[in-house]
Protein chains: 2
Amino acid sequence: MHDRDHPERRPDFDRLAALFKAVADPYRLRILATLAAAEDDVCVCEFTDALPINQPTVSHHLRILREAELVTWERRGTWVYYRPAPDASARIGAALRAIFTQPAHASTAPR
Amino acid sequence: MHDRDHPERRPDFDRLAALFKAVADPYRLRILATLAAAEDDVCVCEFTDALPINQPTVSHHLRILREAELVTWERRGTWVYYRPAPDASARIGAALRAIFTQPAHASTAPR
DNA sequence: GCTTAATATTGATAAATGTCGATGCATGAC
DNA sequence: GTCATGCATCGACATTTATCAATATTAAGC
């Protein structure tokens with residue numbers, strides 16, 4: 001379930017925080033919700049149309065979601081289509097559990 | 001399960017983002033993990049001891065967790081003790097599901 | 001090749017955030 | 001009352017982040 005036994009007992013708080021940071025923005029949540037609800041992948045143009053922010057800003061938010069590996073993308077012609085990473089929701093759920101289910105005294109860490 | 005039927009179909013992305021923002025910091029995650037793992041409530045002094053940040057900064061992070069209603073606190077003498085809000089984990093889990101489980105086309109919203 | 005359209009990137013700016021030192025506010029001991 | 005201690009708040013500063021306009025890139029059509 002983990003790699004081998006569970007050698008990483010203490011959550012990597014920086015990584016977890018980075019993941020939460022990626023979803024800590026209303027536009028990025030709207031994008032993710034759109035992707036999650038969509039039958040297939042979604043054109044960037046849908047976001048530039050639907051959201052009250054300019055195209056570069058949409059691109060910026062998509063980049064953050066890409067770098068957090070919460071979405072994947074694919075170019076088809078001039079258009080680029082996004083879809084949620086298959087494990088997006090699961091990874092955030094795992095982060096949640098890593099924080100809230102006791103790894104014993106994993107809490108106040110070494111330094 | 002919801003109020004009556006489900007009159008709020010579209011997720012309130014601002015509220016959800018605010019919740020994720022509250023946990024989008026490594027020190028706040030460490031604090032939450034400590035609280036979640038603790039038998040009973042935890043003195044602020046434990047955080048000022050354990051974390052490599054000054055007392056006002058600890059207070060700042062605790063305030064953000066308070067304002068997100070992810071923790072509750074109680075004064076006992078000179079000391080203040082924190083514990084996780086009973087629904088802290090559940091609220092974040094609900095936020096996750098609100099984003100990733102289709103409210104149909106709740107996605108690219110009105111404006 | 002040239003042109004147009006969709007998206008990404010760059011650079012600048014403003015706002016939000018994390019951090020700290022100084023100060024204030026309670027509480028308990030005296 | 002005074003003093004000391006634990007924590008919160010305030011104000012300043014530095015870093016990060018969101019946003020935009022301008023530009024670059026990529027692909028398709030000509």
Side-chain angles (χ1 to χ4, degrees), chain A residues 13-32 34-35 38 40-83 108-109 111, chain B residues 13-32 34-35 38 40-83 108-109 111:
Chain A
F13 295 103
D14 289 317
R15 274 190 103 64
L16 298 181
L19 186 59
F20 284 124
K21 213 171 278 199
V23 296
D25 177 278
Y27 293 129
R28 291 199 289 274
L29 288 184
R30 249 169 96 168
I31 290 172
L32 283 175
T34 300
L35 294 175
D40 42 9
D41 47 18
V42 178
C43 177
V44 173
C45 58
E46 298 225 12
F47 299 123
T48 56
D49 286 357
L51 299 176
I53 52 182
N54 290 24
Q55 177 266 317
T57 305
V58 172
S59 253
H60 165 73
H61 287 303
L62 289 171
R63 178 217 273 261
I64 289 179
L65 293 175
R66 265 187 276 128
E67 290 178 344
E69 297 180 278
L70 290 173
V71 299
T72 63
W73 61 282
E74 181 188 343
R75 175 180 278 274
R76 285 207 293 276
T78 326
W79 293 270
V80 175
Y81 295 84
Y82 281 77
R83 65 173 76 236
T108 40
R111 62 147 291 123
Chain B
F13 295 102
D14 288 318
R15 273 188 104 64
L16 298 180
L19 187 58
F20 284 123
K21 213 171 279 199
V23 296
D25 177 277
Y27 292 130
R28 290 199 289 275
L29 288 184
R30 251 168 96 167
I31 290 173
L32 283 175
T34 300
L35 294 175
D40 42 8
D41 46 19
V42 178
C43 177
V44 173
C45 57
E46 298 225 12
F47 300 123
T48 55
D49 286 357
L51 298 177
I53 52 182
N54 289 23
Q55 177 265 317
T57 306
V58 172
S59 253
H60 165 74
H61 287 304
L62 288 171
R63 180 218 272 260
I64 289 179
L65 293 175
R66 265 187 276 129
E67 289 177 345
E69 296 180 280
L70 291 173
V71 299
T72 62
W73 61 281
E74 181 188 344
R75 174 181 280 274
R76 286 207 294 276
T78 326
W79 293 271
V80 175
Y81 295 84
Y82 281 77
R83 65 174 76 239
T108 40
R111 62 144 296 122

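In the text below, chain A, chain B and the rest are named by the order of the sequence lines, each starting its count at 1. Heavy-atom basis, side chains included; hydrogens, waters and symmetry copies ignored.
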Between the protein and nucleotides 12-15 of chain C, are there any N/O to N/O pairs under 3.5 Å, and if so, what are the atom names and distances?
none

Residues 50-57 of chain A, side-chain donor-acceptor partners within the protein, below 3.5 Å, at least two apart:
none

Contact pattern, 5' to 3', of nucleotides 18-30 of chain C - B, S or - by protein heavy atom under 4.0 Å: SBBBB----SS--
Boundaries of the chain B footprint along DNA chain D (any atom under 4.0 Å from a heavy atom): dT5(D) to dT9(D)
Touch class at under 4.0 angstrom, heavy-atom based, for Tyr81(B) against every strand present: nothing
Salt bridge (Lys or Arg N to Asp or Glu O under 4.0 Å) contacts touching residues 74-83 of chain A (sequence neighbours left out): Asp41(A)-Arg76(A), Asp41(A)-Arg83(A), Glu74(A)-Arg76(A)
Residue pairs, two or more places apart or on separate chains, that pass salt bridge (Lys or Arg N to Asp or Glu O under 4.0 Å) and touch residues 50-71 of chain A: Arg63(A)-Glu67(A)
From Leu32(B), Val42(B), Leu62(B), residue fulfilling side chain to side chain contact (heavy atoms under 4.5 Å, CB included) relative to Val71(B): Leu32(B)
Estimated bend of the helix from dG1(C)-dC30(D) to dC30(C)-dG1(D) (axis per five terminal pairs, rounded to 10 degrees): 20°
Smallest separation among heavy atoms of Ala24(A) and Ala24(B), with atom names: CB-CB, 4.2 Å
Partners passing side-chain contact (heavy atoms from CB on, under 4.5 Å) against Ile64(A) (at least two apart in sequence or in another chain): Ala22(A), Arg28(A), His60(A)
Residues which pass side-chain contact (heavy atoms from CB on, under 4.5 Å) with Cys43(A), listed by chain and number, not counting sequence neighbours: Cys45(A), Glu46(A), Trp79(A), Tyr81(A)
Sub-4.5 Å side-chain heavy-atom contact between Val23(A) and Leu16(B): no
Non-hydrogen side-chain atoms of Leu35(A) and Ile31(A) separated by less than 4.5 Å: yes
Distance, nearest 0.5 Å, that separates [atom1] of [X] from [atom2] of [Y]:
X	Y	atom1	atom2	result
Tyr82(A)	Leu70(A)	OH	CG	12.5 Å
Asp14(B)	Lys21(B)	CG	NZ	9.0 Å
Leu65(A)	Thr72(A)	CG	OG1	11.5 Å

